[in-house]
Amino acid sequence: MNSSNRIKLSFMMFLEFFIWGSWFVTLGTFLGNNLHATGAQTGSVFSTQSWGAIIAPFIIGLIADKYFNAEKILGVLHIVGALLMYQMYNSEDISVFYPYVLGYMILFMPTLALVNSVSFNQMKDPEKEFSTIRVFGTIGWITAGLMISYIFHWDSAESTTAGLLKNTFAMAGIASLILGLFSFALPKTPPKGASGEKVKISEILGLDALKLLKDKNFAIFFISSILICIPLAFYYQNAHPFLSNVGVDNPTGKMTIGQISEVLFLLLLPVFFTRFGFKKTILVGMLAWAVRYALFAYGNATDLSFMLIIGIALHGICYDFFFVSGQIYTNAAAGEKYKSSAQGLITLATYGVGMLIGFEVAGMITDSYKTADGVFDWKMIWIIPSGIALVVFLLFAVFFTDKKKIEAEAV
């Protein structure tokens, strides 16, 4: 890959995740303060990510892979996304806001696959080259969080009360427009499939890989993947409102510690695979969810603030040791015949079905522990997902018995 394309792809990846990090982290706090949304309404808004994940394969499989260059579809989706961001910025009622965020997520989620397609198309050795491009996405997400907290101060107590978190949508919209226009200058990525080929819906959604569920261990892993997304949804939906509510300064900036941790533990993942194997690695990931929520339940913004910071920093173990490990296990368990279908099935199960259930549960629990005067019982709101994660940990520890070795080189 020449240096010009490397710079273009790195900038593309930076903007892709800068856009997402600009508004998604602070979304829960914005909904509660600006739009006075209930927990259930907040859950519905966050679940638009799941609907986007469910619909995304159709956009990629039925359109991008068959008819149009990936970079052109990427450009169109981000330009339309910028317009929807502008409407979200102007929305003052949850009923007005919801259709725009739903439309936006249906368009945004396919772009996560499109930026990968554009990148892979320029690489001779993706296993070695992709990580050096993808890391700019994490840097983009971190940059957005640091700007919100330490440059614009939109998440300070005064700014949040004044409703300034709506500006995150303006920032995301501007970045989306820039990426939309820039996409047309990206290296050409022509469609992979012939337009005359018949596309099977079962193949797009990964349903062909359902045969793998006949294997008891894969079935246990599959069910655990769905269940662990319930506590994951609590983090996405409630972490920022919680930190803001209990008085943590610069909560958005502090939450970027989670992304820094994600990069570090991704580098350590091969070591864990080699020394401890898949089952122990994934169990550590599950246990980390239970521990982090217990830290949130009993920590505070004063003398026990270190517990909250540790809880945020555990994001790397929580995400990498479960989700990245799970992708590697799925790849190994599926074999060549069902490899891509299996990855599609796990994505549908986690980001689609699992998160959809998770956001619904998180919304109901949050509403249940909100008093009439608007005070949240954060201890109970975090203890419940901690308990769910612990139950999933125990189920997986007892019933998953796969002894096959998964090579660390697969990481």
Side-chain angles (χ1 to χ4, degrees), residues 20-54 88 94 97-98 101-102 104-105 108-109 141 144-145 148 155 160 165 168-169 172 226-246 248 251-252 254-256 258-259 289-290 292-297 299 308 311-312 314-315 318-319 322-323 350-370 374-389 392:
W20 201 1
S22 290
W23 68 281
F24 196 70
V25 176
T26 58
L27 178 60
T29 305
F30 166 81
L31 292 172
N33 284 273
N34 290 52
L35 304 186
H36 309 293
T38 63
Q41 289 172 327
T42 299
S44 294
V45 169
F46 272 93
S47 69
T48 59
Q49 173 188 270
S50 300
W51 291 117
I54 292 168
M88 290 156 70
I94 190 70
F97 181 85
Y98 181 81
V101 72
L102 176 61
Y104 181 81
M105 290 308 280
F108 179 78
M109 294 307 286
W141 184 292
I148 289 169
D155 61 348
T160 300
L165 277 177
T168 58
F169 299 103
I226 294 174
L227 293 177
I228 204 69
C229 283
I230 297 174
L232 171 61
F234 275 80
Y235 183 74
Y236 284 149
Q237 186 169 317
N238 285 335
H240 194 277
F242 162 66
L243 295 173
S244 299
N245 196 256
V246 300
V248 173
T252 317
K254 286 187 170 66
M255 284 183 70
T256 63
Q259 276 62 52
W289 284 107
R292 93 182 306 191
Y293 290 148
L295 289 168
F296 283 172
L308 305 184
I312 295 169
L314 280 173
H315 183 71
C318 293
Y319 187 85
F322 185 86
F323 287 95
T350 52
Y351 287 99
V353 178
M355 294 289 280
L356 203 59
I357 297 169
F359 287 129
E360 191 71 27
V361 172
M364 290 191 298
I365 295 299
T366 304
D367 277 340
S368 298
Y369 289 97
K370 182 179 181 180
V375 177
F376 292 95
D377 183 354
W378 287 114
K379 182 178 178 180
M380 285 306 301
I381 290 171
W382 291 122
I383 283 293
I384 290 171
S386 177
I388 294 171
V392 178

Looking at every non-hydrogen atom in both residues, tell me the closest pair between [X] and [Y] and how far apart they are.
| X | Y | result |
| --- | --- | --- |
| Ala297 | Lys379 | CB-O, 3.7 Å |
| Gly352 | Ala53 | N-CB, 4.4 Å |
| Ala389 | Ala290 | CB-N, 3.7 Å |
| Ala239 | Met255 | CB-CE, 3.9 Å |
| Tyr293 | Ser386 | CB-CB, 3.6 Å |

Please answer whether the main-chain N or O of [Y] pairs with a side-chain N or O of [X] as donor and acceptor at a distance below 3.5 Å.
| X | Y | result |
| --- | --- | --- |
| Gln49 | Phe46 | no |
| Ser47 | Ser50 | no |
| Thr48 | Leu102 | no |
| Ser244 | Pro241 | no |

Nearest 0.5 Å, please: how far is [atom2] in [Y] from [atom1] in [X]?
| X | Y | atom1 | atom2 | answer |
| --- | --- | --- | --- | --- |
| Cys229 | Tyr351 | SG | OH | 7.5 Å |
| Gln41 | Thr366 | CD | OG1 | 12.5 Å |
| Asn238 | Ile381 | CG | CD1 | 6.0 Å |
| Leu232 | Trp289 | CG | CH2 | 4.0 Å |
| Ser44 | Leu31 | OG | CG | 10.5 Å |
| Leu27 | Thr42 | CG | OG1 | 7.5 Å |

Please tell me if the side chains of [X] and [Y] come closer than 4.5 Å, counting only heavy atoms from C-beta onward.
| X | Y | result |
| --- | --- | --- |
| Met88 | Val101 | yes |
| Leu165 | Asn33 | no |
| Asp377 | Met380 | yes |
| Leu227 | Ile388 | no |
| Leu35 | Phe97 | yes |
| Phe24 | Tyr236 | yes |
| Gln237 | Phe359 | yes |
| Thr350 | Ile226 | no |

[X]: ring pair (Phe, Tyr, Trp, His ring centres under 6.0 Å) partners, not counting sequence neighbours:
| X | answer |
| --- | --- |
| Phe242 | Phe296, Trp378, Trp382 |
| Phe234 | none |
| Phe108 | Trp20, Tyr104 |

field: Criterion side-chain contact (heavy atoms from CB on, under 4.5 Å) on Leu243 and Ile312, from CA distance to verdict
entry: CA-CA 10 Å; Leu243 295 173; Ile312 295 169; 3.8 Å; yes
message: Taking the ring of Tyr235 and the ring of His315, is the distance between their centroids below 6.0 Å?
response: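 So the answer is yes for these two rings.
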message: Can you confirm whether the side chains of Thr26 and His240 place a donor and an acceptor under 3.5 Å from each other?
response: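 Side-chain D/A pair, Thr26 to His240: absent.
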message: Is it true that Thr160 and Asp155 share a donor-acceptor pair across their side chains at a distance under 3.5 Å?
response: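 There is no such pair between these side chains.
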task: For the pair Leu295 and Leu308, evaluate side-chain contact (heavy atoms from CB on, under 4.5 Å) and give the outcome as yes or no after the intermediate values.
output: CA-CA 6 Å; Leu295 289 168; Leu308 305 184; over 6 Å; no
message: side-chain contact (heavy atoms from CB on, under 4.5 Å) for Ile94 and Val45? Distances and angles first, verdict last.
response: CA-CA 9 Å; Ile94 190 70; Val45 169; 3.7 Å; yes
